[in-house]
K.L.:
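Got a structure for you, questions after.
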Number of protein chains: 2
Amino acid sequence: MSKFEQIMLLSGYSRATVSRVINNSPNVNKETREKILQIMKQLDYAPNRNAVALSIGRTNQIGIVIVSLIEITISFLNHFIEAALRYGFQTIIYTSQGDKAKEMQAFEDLRSKRVDGLLIVTCVNDPGKLSAYGRYGPIISWQRMRKGQIPSISMDQGEGYRLGLEHLLAKGFTRIANIFGRSGSLNTRSRRLAYESTMKQQGLPVRADWYRYEVYGMLDGEEAWRSLSAMQEVPEAILCSNDYVAAGILNEARRQNLDIPEQLAIIGFDDTELSASLGITTIHNPIKEQAWNAFYHLWNQIGGESLEQSKLSFQLVERQTT
Amino acid sequence: MSKFEQIMLLSGYSRATVSRVINNSPNVNKETREKILQIMKQLDYAPNRNAVALSIGRTNQIGIVIVSLIEITISFLNHFIEAALRYGFQTIIYTSQGDKAKEMQAFEDLRSKRVDGLLIVTCVNDPGKLSAYGRYGPIISWQRMRKGQIPSISMDQGEGYRLGLEHLLAKGFTRIANIFGRSGSLNTRSRRLAYESTMKQQGLPVRADWYRYEVYGMLDGEEAWRSLSAMQEVPEAILCSNDYVAAGILNEARRQNLDIPEQLAIIGFDDTELSASLGITTIHNPIKEQAWNAFYHLWNQIGGESLEQSKLSFQLVERQTT
DNA sequence: TTGTAGGCGTTATCAT
DNA sequence: ATGATAACGCCTACAA
C-alpha cells in the first residue's frame with residue numbers, strides 16, 4: 001500500500017482531501033489539514049513525481065541539447081538553468097559529443113514527454129529534420145538557425161561587430177585584422193559582411209589577407225598574432241571572435257613588447273569576466289538576457305502565460321586596449 | 001483515448017500483447033508483431049515515459065549537485081554524463097548558486113523519485129544532514145567528504161602533490177613555493193601536509209611565507225607570481241593547485257623575461273589540455289576514470305549489477321617547465 | 001468542506 | 001502465444 005493510502009486510512013479522510021492538503025488547496029478545514037500534515041510527517045511522506053507527472057501530463061523538465069559542455073557556453077547555461085529553476089523547472093543535459101543519433105535522444109524524449117520543452121545550444125542534426133519535433137513541444141535555439149526552421153533567440157552578431165569597427169575607425173585605426181571563429185557559420189558571415197561593407201563605404205581597403213578562421217581560445221589567439229605579426233605588413237588593430245582570443249593576442253603582443261593600444265589596438269567580444277580583469281575593450285553580449293528570453297519563450301508555450309522578452313542589443317565597452 | 005488503447009483496438013490484440021511488442025518480448029508471433037508495429041508507426045506512437053517510470057518505479061535519471069558550472073568541473077561532468085548515457089541514464093543538473101535551500105531540491109527529488117541517484121560535485125549543505133537522504137537512493141560524491149558520511153570517489157591529492165615535489169627535489173630545486181586553492185579544504189590540507197612532511201624529512205626549510213591561498217584561475221596565478229616575485233627572497237620553483245594557475249604564473253614569469261625552468265620551475269595539476277599545449281609539467285589526475293567510477297558506484301546500487309571500478313593513481317607528466 | 005469515481009499510460013502476474 | 005485484471009500513485013471533475 002502506498003503511503004498516500006496509508007495517510008487516507010490513518011486520517012480517515014478521502015483520497016481527495018489528502019490530495020488537497022498535499023497541494024495546499026484552501027478548501028480544507030484547518031484542523032483536518034493539520035491532522036493530515038501531522039500524519040504525512042510521521043510517515044515521512046513525499047509525493048511521487050512520476051505519478052504526478054503522469055496525472056497532470058507534465059514533467060516540469062526541460063532538455064538542453066548541446067554537443068558538449070565547453071567554456072564559452074557555461075555562462076549561458078548557468079543563467080538558463082537558474083531561470084528555469086525560478087519557474088519550477090529542472091534541466092536535463094543532453095550532450096551528443098557530435099553524434100547525431102545521441103542527439104536525437106533529446107528529441108525523442110520530447111516526444112515521450114520526458115521533457116516539456118527543448119533548448120538547443122549547439123546541434124549537429126539537420127535543423128529541417130529537427131523542426132518536425134516542434135509538434136511534440138516547444139523548441140528554442142540559441143545557435144542561429146537558417147530562417148524558417150526552429151525559432152532562435154540569437155542575435156545578429158554583425159551588429160555588435162560593427163560597433164567595434166566604428167570605434168576603431170573613430171580612433172583613427174584603419175589597418176584592421178579580423179579573427180573569426182567557425183568559418184562557415186552565420187555569425188562569421190555577418191561579421192565579415194559588417195567589416196567589408198563598412199570599409200568599402202568609408203573608401204578603405206578590405207584586408208582579406210588579415211582574416212584568420214577557426215580561432216576559438218586563448219592559445220589560438222596567441223598563434224594568430226604570431227602569424228599576423230610575421231607578415232610584411234602588420235595590422236594596427238584587431239577585431240576578435242571572443243574575449244579568450246583577445247586575451248591570447250594581448251598576451252602575445254605584450255611578450256613582443258608592443259605598446260597597447262598605440263601599436264596594436266584589440267577588441268574582444270562578449271564582455272566576459274576575463275576581458276574585464278585584463279582591461280580589454282570588448283562588445284557586451286547580453287548573454288544572461290538571452291538565456292532568460294530563451295526560457296520565457298518555452299515557458300510561454302508550456303504554461304500558456306505570456307512573459308515579455310526583453311529587447312536586446314550589443315554595446316561597446318571601452319577599456320585599455322583601444 | 002490514449003494511443004496505446006488505439007493500438008489495441010486497431011490491431012484487435014490485448015494490452016499485454018501490445019506491451020510485449022513495445023518491449024521487444026520474444027513471446028510474440030512474428031506476424032502479430034509486424035501488424036502491431038505497423039499500426040504503431042502509423043499512429044506515430046511513442047511510449048509515455050512518465051507512465052513507464054510510475055509503473056517500473058524508476059526514472060533512469062541521475063541528478064548532479066553542483067554549486068555552479070565552472071571550468072574546472074566541465075571535463076568531469078562531460079565524462080560522467082557520457083558514462084550515464086551509455087547505461088541509459090539521463091542527467092539533471094542542480095545548480096545551487098551556493099544557496100542551501102536550492103541545493104536541497106536535489107535531495108528532495110531523490111526522495112520524490114524524480115531521480116534514481118545523486119552525484120555531488122560540490123555542495124554547500126552540511127554532509128551530515130545530506131547523508132540522511134541515503135535511504136532514498138544512492139549518493140556518491142566527487143568532492144572529498146569527512147569520513148563516515150557520504151561515500152566519495154575522490155582521491156587524496158596529497159599523493160599526487162608529493163610526486164611533483166619529489167620531482168622538483170630530484171632536479172635540485174629546494175626553494176619551493178606552494179599555491180593552494182580553497183584554504184580550508186581537505187585537498188589543501190593534504191597538499192600542505194605532503195609538502196611540510198617531505199621537506200622536514202629531507203631536513204629542508206618549510207617556507208610558509210611562500211604559501212598562497214584562494215588561487216583558482218589564470219589571472220589569480222599571474223597575481224600570485226607578481227606577489228611572490230616582489231619578495232626579498234624569491235622562490236625558484238612553484239607547485240600549483242591546477243593547470244590554469246600554472247599557466248598564469250608561466251605567463252607572468254615570461255613577461256618578466258625569466259628563463260624557464262632555470263630561473264623558475266613550474267608544476268601544474270590535473271594534466272588538462274591547457275598544460276599540454278603550453279608544455280607545463282603537471283600531475284596527471286585521472287578525471288575520466290573518476291567520473292566513470294562515480295557512475296559505476298551509483299549503477300551498482302540502482303541496477304544491482306556489480307561493475308568493477310578501476311584503481312586510480314596520479315602520475316607525473318614531465319614537460320618543459322621543470 | 002468533504003467524498004465518489006474515473007482517468008493518466010504503462011508493466012506485471014496470472015491464467016488460458 | 002495471448003488475454004484479463006490488477007497495480008503503479010496521484011489529480012480532478014462532479015456530487016453531496
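In the text below, chain A, chain B and the rest are named by the order of the sequence lines, each starting its count at 1.
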K.L.:
Whole angstrom is fine here: how far is it from CD in B:E31 over to C1' in D:dT2?
P.N.:
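The answer, rounded to whole Å, is 15 Å.
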
K.L.:
Using the ring of each side chain (for Trp, its six-membered ring), is A:F80 parallel, tilted or perpendicular to A:F76, with breaks at 30° and 60°?
P.N.:
parallel

K.L.:
Rounded to whole angstroms, how far apart are CZ on B:R33 and P on D:dA1?
P.N.:
10 Å

K.L.:
Are any protein N/O atoms closer than 3.5 Å to N/O atoms in nucleotides 13-16 of chain C? If there are, list each pair with its distance.
P.N.:
none

K.L.:
Polar-atom pairs under 3.5 Å, protein N or O versus N or O of nucleotides 6-10 of chain D: list them with distances, or write none.
P.N.:
from: D:dC10; atom 1: OP1; to: A:Y45; atom 2: OH; distance (Å): 2.7
from: D:dC10; atom 1: OP1; to: A:N48; atom 2: N; distance (Å): 2.9
from: D:dC10; atom 1: O5'; to: A:Y45; atom 2: OH; distance (Å): 3.4

K.L.:
Write down the distance between CG (A:N27) and P (D:dA13), rounded to a whole number of angstrom.
P.N.:
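Answer to the nearest Å: 13 Å.
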
K.L.:
With sequence neighbours excluded, what pairs up with B:R144 under the salt bridge (Lys or Arg N to Asp or Glu O under 4.0 Å) test?
P.N.:
B:D156

K.L.:
Within the pair B:T32 and D:dT2, is there a side-chain N or O less than 4.0 Å away from OP1 or OP2?
P.N.:
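Yes, such a contact exists.
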
K.L.:
Looking only at the side chains, is there a donor atom on one of A:Q290 and A:N285 sitting less than 3.5 Å from an acceptor on the other?
P.N.:
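A:N285 and A:Q290 do have a side-chain donor-acceptor pair below 3.5 Å.
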
K.L.:
Given atom CD of B:E34 and atom C1' of D:dA1, what is their separation to the nearest angstrom?
P.N.:
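Spelled out: CD on B:E34 to C1' on D:dA1 is 16 Å.
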
K.L.:
For A:I56 and C:dG9, what is the distance between atoms CD1 and P respectively, to the nearest whole Å?
P.N.:
13 Å

K.L.:
Please check if any side-chain donor atom of B:E308 sits under 3.5 Å from a side-chain acceptor atom of B:Y296, or the reverse.
P.N.:
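No, because no side-chain N or O of B:E308 sits under 3.5 Å from a partner of the opposite role on B:Y296.
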
K.L.:
More than 12 heavy atoms of other residues, nucleotides or ligands under 6.0 Å from CD of A:E5: yes or no?
P.N.:
yes

K.L.:
Considering only NZ, NE, NH1 and NH2 on the basic side and carboxylate oxygens on the acidic side, decide whether A:E82 and A:K288 come within less than 4.0 Å.
P.N.:
no

K.L.:
What's the OH-P distance between B:Y13 and C:dT11, to the nearest Å?
P.N.:
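One finds 19 Å between P of C:dT11 and OH of B:Y13, rounded.
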
K.L.:
Is there a donor-acceptor contact under 3.5 Å from the side chain of B:R111 to the main chain of A:Y45?
P.N.:
yes

K.L.:
Take the protein atom CG of B:N60 and the nucleotide atom P of C:dT10, then report the distance between them rounded to whole Å.
P.N.:
16 Å

K.L.:
Given atom CG of A:N29 and atom P of C:dG3, what is their separation to the nearest angstrom?
P.N.:
11 Å

K.L.:
Is it true that A:K100 and A:E103 have a side-chain N and a carboxylate O under 4.0 angstrom from each other?
P.N.:
no

K.L.:
Parallel, tilted or perpendicular for A:W299 and A:F295, by the 30°/60° rule?
P.N.:
parallel

